[in-house]
Student: 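Please find one structure pasted underneath; my questions will follow.
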Amino acid sequence: MTVFLRIAVACVRGWTWLYTSGLPPAARSARRAEIDSDLWESLTAQEGDAGVEAVLLFLRLLLGIPDDVGWRMEQDAIFGSVPRRSLTLGGQAIGAAFLMCATGVIHVDANRKPSFEPIVRVVHRRGEGAQPAAATVRFDEDVHPSGRSHVERADRAASVSAPTFEAASVKPNTSGLPNGQDQILPGGRYRDTNLSLLFLIRFAYDPSPHSRGLAPFDVVGGPSWIGSDRFDVTATAGHDASLSEMRLMLQALLAERFHVQTHFDARQMPVYRMVLAQPGALGAQLHRTEADCTREPFDPFRGITSGESYRCGYFGPSPNVKMDTGRAYQAIRGMTIEEFALRLHEYLGRRVIDATGLPGYFDADFEFTTEIVMPPPPPGQPNPYDGRVLPSIFSVLPQQLGLKLESQRGPSDILVIDHADHPTPD
Amino acid sequence: LEVAICRSAATLLRRGVKEFHGYQLAKHLGDEEARRWLTAYGTLYRALGRLEDMGFLESRWEDPEIPARENRPGRRLYRLTAAGEAAAKEARHTRTTTVSARRLRKPEPA
């Protein structure tokens with residue numbers, strides 16, 4: 001962190017300390033903690049020149065001072081503080097804030113652990129029973145623990161004590177086979193076979209708990225080999241882990257082994273807005289779920305398994321597929337319309353935003369389309385869709401589900417891969 | 001600003017972000033207007049407090065185990081209430097870009 005940025009942070013924290021002084025502990029600590037959090041996020045997301053960032057922090061501070069003073073007076077009124085104190089607070093505090101800026105005082109609360117200077121990176125060591133060991137990276141040190149000389153924003157964010165796998169192995173796969181697969185297994189285990197780094201990034205950086213990964217068009221940048229070279233990855237957390245935790249651990253692994261650096265960029269993109277084709281009317285093949293899906297967690301890794309039926313959170317071929325009758329459908333089971341819209345993203349190439357206003361969970365069966373094609377049937381089974389001209393999803397959704405897609409422009413987050421290297425050996 | 005916050009919160013909600021923290025909102029507001037500087041600290045958090053008082057937002061502090069594990073300060077997470085969603089919807093239908101914050105009225109107690 002540069003001296004200017006350091007002073008800017010000191011000013012923000014010093015000013016916050018001053019205008020919250022004398023308030024009841026709950027109100028005081030809440031405001032200070034919220035500003036601390038905001039500062040931390042700002043510094044973690046910092047991607048430009050440190051001097052400019054310092055100026056922007058100063059601006060955020062100075063332009064907000066009238067509101068800070070107003071807020072303090074409101075708090076005084078609420079908590080019955082002495083009015084005279086409120087009236088004189090602004091002048092006293094501004095003078096003191098400048099004094100604190102000059103001295104570069106940072107510490108707001110001696111009991112709080114420092115949150116801006118040291119950023120702890122957990123370096124995991126492979127091997128049975130190995131415990132995470134901590135190393136320290138400072139913002140003002142432009143040196144990565146791995147020895148690289150450039151540390152960019154995403155790498156810093158990824159290195160902030162993110163959960164890490166207890167053990168991991170990354171090996172190139174040179175089999176030349178076309179297909180690969182990834183699995184999340186009980187006990188916090190992750191295994192991928194013959195998948196590209198691009199695939200791993202799409203899975204690891206997907207912020208949605210409702211999908212299996214970012215769509216290909218949601219990711220840009222990076223060297224060309226990340227889409228062609230294949231790898232086998234085996235990793236274990238050593239304990240059961242949620243999908244979100246697994247993704248964070250995989251991010252940490254990719255940052256360490258592939259030196260992956262990324263950032264999200266909000267861009268205006270073409271999107272689809274999902275609305276009701278006819279206001280107030282559901283399509284004939286869209287029904288409200290009878291099961292109580294509020295109690296069953298959504299798992300995007302669910303697939304169809306013989307003999308099992310998923311009542312909630314399922315998106316895939318209909319369990320009622322009858323290959324020999326020539327009838328097969330795509331299905332949703334116990335899914336909100338918002339989740340359904342999210343799942344269409346990967347098939348349509350655009351983000352789909354739910355604007356139906358329909359609450360609750362739904363079941364539906366609809367024909368396969370040119371966009372959502374039926375997966376190949378098991379060997380020996382006829383494919384009922386062979387030789388048929390599939391309809392478009394833009395006609396199937398209104399006719400069968402009563403849902404319509406409208407094209408428009410809207411904000412969409414794009415993941416930009418800033419850097420990636422071939423993996424370091426195990 | 002209150003209108004812009006409600007609209008931003010509704011946009012985040014539509015994108016699957018049900019809860020957001022102050023910086024996240026400030027960044028989103030800045031991105032939407034394609035400006036690099038973010039809403040001032042005092043202005044932002046005073047407005048968030050007002051919206052919470054008016055019943056358009058709810059807030060909670062995240063589980064302390066999460067920031068402890070990630071070695072960062074805890075986040076105060078806000079979420080849009082049903083009244084806030086209705087206000088955002090009303091704001092979206094308003095053509096003018098200079099909607100006064102006075103349009104957001106505190107809902108009558110049930």
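In this text the structure is predicted, and so the values were computed from the model without any measurement. Side-chain atoms are counted along with the backbone in the values below, which use heavy atoms only and exclude waters and symmetry mates. Order of the sequence lines sets the chain letters (A, B, ...), proteins ahead of strands, with each chain counted from 1.
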Student: So, does A/Arg60 use its side chain to make a donor-acceptor pair with the main chain of B/Thr39 at under 3.5 Å?
Tutor: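 Side chain of A/Arg60 to backbone of B/Thr39: a pair is present.
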Student: Quick one: does any side-chain atom of B/Ser59 pair with a main-chain N or O of B/Arg76 as donor and acceptor, under 3.5 Å?
Tutor: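 Not a single qualifying donor-acceptor pair exists.
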Student: For B/Ala47, is it the side chain, the backbone, both, or neither that has a heavy atom closer than 4.5 Å to a heavy atom of chain A?
Tutor: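 B/Ala47 has no heavy atom closer than 4.5 Å to chain A.
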Student: When you measure from the side chain of A/Arg72 to the backbone of A/Tyr19, do you find a donor-acceptor pair of N or O atoms at a distance under 3.5 Å?
Tutor: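 Here the side-chain-to-backbone pair exists.
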Student: Of the backbone (N, CA, C, O) and the side chain (C-beta and beyond), which part of A/Leu56 lies under 4.5 Å from a heavy atom of chain B, both, or neither?
Tutor: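 Side chain only.
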Student: Taking the six-membered ring of A/Tyr272, is NZ or CZ of A/Arg350 closer than 6.0 Å to its centre and within 45° of its axis?
Tutor: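 Yes, A/Arg350 lies over the aromatic ring of A/Tyr272.
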Student: Against chain A, label B/Leu13 side chain, backbone, both or neither, depending on which of its atoms sit under 4.5 Å from a heavy atom there.
Tutor: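 Contact with chain A involves the backbone of B/Leu13 alone.
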